[in-house]
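What's counted below: heavy atoms across the whole structure, side chains too, no hydrogens, waters or symmetry copies. Just so we're on the same page: letters track the sequence lines, and every chain starts at 1.
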Amino acid sequence: MEVAKGVRSAVRINGGVDQQRAVELDLESVCEKVSALVSGNAVVVFTISGCCMCHVVKQLLFGLGVGPTVVELDRDASGGPILALLNRLAAGGGGGKAVPAVFVGGKFLGGIETVMACHINGSLVPLLKNAGALWL
Amino acid sequence: MNSTTTQFVPSRRMGLYEPVHQMSMWGDFRNTLLDSSPPPELMLEVNANLDNQSEDTTSHGTFAASHRNDQEASKPDDKVLRRLAQNREAARKSRLRKKAYVQQLENSKLRLIQLEQELNRVRQQGLCVGGGIDTSQLAYTGNSNPGISAFELEYGHWVEEQNRQISDLKNALHSDMGDTELQIFVDGGMQHYFELFSMKVMAARADVFYIMSGMWKTSAERFFLWIGGFRPSELVKQVLSPHLDALSEQQRLDIVNLTQSCQQAEDALSQGMEKLQFILAQAIADGLLREGNYLPQIGAAMNKLDDLVRFVVQADHLRQETLQQLSRILTTRQAARGLLALGEYLQRLRALSSCWSSRPREQA
């Protein structure tokens, strides 16, 4: 899975082998979990309940006619580890916030900024259609 | 002499002066003569002279006139004394009124000097630079935030540069410049807006409420405020679309799609803002009427305000993405015209603000 590979290489770069192996195992299980979620659903959005920017992303997708799978990390048992994973993804992408995090068609798309940019430049809707999230 | 006009009042009976007018003229003459309260002896002397003169006129006047004159002559002291007293009183009141008026003028002058000094001092601190701050904003001079002062200074320079770029662009479009050269102007114009967005993000981190209230903008610009700036969809619809000519079918479609995407993104951001307002209000209103202080609520609210900065960042990002998408859709010449239209539109808004703030005020 793309996400897991990206994260593993990021982790390897960051630290010593012993310490990182333990973290890798944890991350691996989280990656598996996340990968299962995102491949099973066309659009997955990871949010935190109080976060207003997460609300923005949800409203944008709802407005387009998309019914995303929303995972509220503060209400989920494995919310903590998933958030850590998302933090790494965000850091890799250039320093945005971890949430909201949007996955389309099993792949990590990005945060609010990326989603907005894709929508304005016209690439979001085709992406959603390809993933089967939109039918028109 | 205040009765000279009555002297020549035309009468239907030719050659006959209205005796009453003539008498009043003499009376007034006496009054003005006696205005400065002369000593009694002189008064009598003058009276005697006047009486003689009045007697002379009776040969021209009617019997009624001379009769009246005799009446007045028989009681000169009472009426004259009363008139003298009245004149003294009137003069005194007049002097007091004049004194009060002059005092008021002096006070107003001092106040004006104070206000001018304050204005100069505030201007020197760089708080009134750029965009035409009208007097109603002087109330905001309590801002000692260095990040904001720096932003205001920079914004002043930005507007000056903007005006220069607009006239350069105008000249470039009217010349027979080629597209490659024109593209340089377009790129420069776009870059200039992107610089403004970076400036605003930094200022938002210094004071997000300042940016959200559009404090650096002129009053008319503030009327159109949406999350610290313009609504990109409105700019595309109102300012750019009507003035883009020779659009191909594909371009037309692309512009329509862009407008729609903008609106959808704006709506999503607006809904997020509403949620933030709700959460903030909830945090502040928590536990009203309870014992103890409100510090925990204020603390909770402060944390939520970080989210507000994120909204300003995303709104400006949306504006930037919209401009970039436009530059992708349009040809060089179309983009140049679009930038010029936008620049002129903003100039007109600023002009409207100036005009508005210097309009003559109606007296209440």
- Item | Full working for side-chain contact (heavy atoms from CB on, under 4.5 Å) between A:Val56 and B:Gln314 | CA-CA 10 Å; A:Val56 172; B:Gln314 290 310 317; over 6 Å; no
- Is atom CZ of B:Arg328 surrounded by more than 12 heavy atoms (other residues, nucleotides or ligands) closer than 6.0 Å? yes
- From B:Arg319 CZ over to A:Ile120 CD1, what is the distance, rounded to the nearest 0.5 angstrom? 12.0 Å
- From the list A:Leu124, A:Leu61, A:Leu60, the residue making the most non-hydrogen contacts under 4.5 Å with chain B is A:Leu60
- Task: Counting only heavy atoms closer than 4.5 Å, note whether B:Phe278 contacts chain A via side chain, backbone, both or neither.
- Result: neither
- Highest number of heavy-atom pairs under 4.5 Å with chain A: which of B:Asp307, B:Leu269, B:Ile279? B:Leu269
- Item | side-chain contact (heavy atoms from CB on, under 4.5 Å) between B:Arg310 and A:Cys51, worked out | CA-CA 11 Å; B:Arg310 241 182 133 186; A:Cys51 170; 3.9 Å; yes
- Message: Can you tell me how far apart CG (B:Asp254) and CG (A:Asn121) are? Round to the nearest 0.5 Å.
- Response: 11.5 Å
- Query: From A:Glu113 CD over to B:Gln320 CD, what is the distance, rounded to the nearest 0.5 angstrom?
  - Reply: 9.0 Å
- Note on the structure: From the list B:Glu321, B:Met273, B:His317, the residue making the most non-hydrogen contacts under 4.5 Å with chain A is B:His317
- Item | Inter-residue atom distance A:Leu64.CG - B:Gln264.CD, 0.5 Å rounding | 5.0 Å
- Item | Distance-only polar pair, side chains of B:Gln271 and A:His55, donor-acceptor under 3.5 Å | no
- Gap between atom NE2 of A:His119 and atom SG of B:Cys262 - 0.5 Å precision: 8.5 Å
- Message: What's the separation between atom SG in A:Cys52 and atom NZ in B:Lys304, rounded to the nearest 0.5 Å?
- Response: 8.5 Å
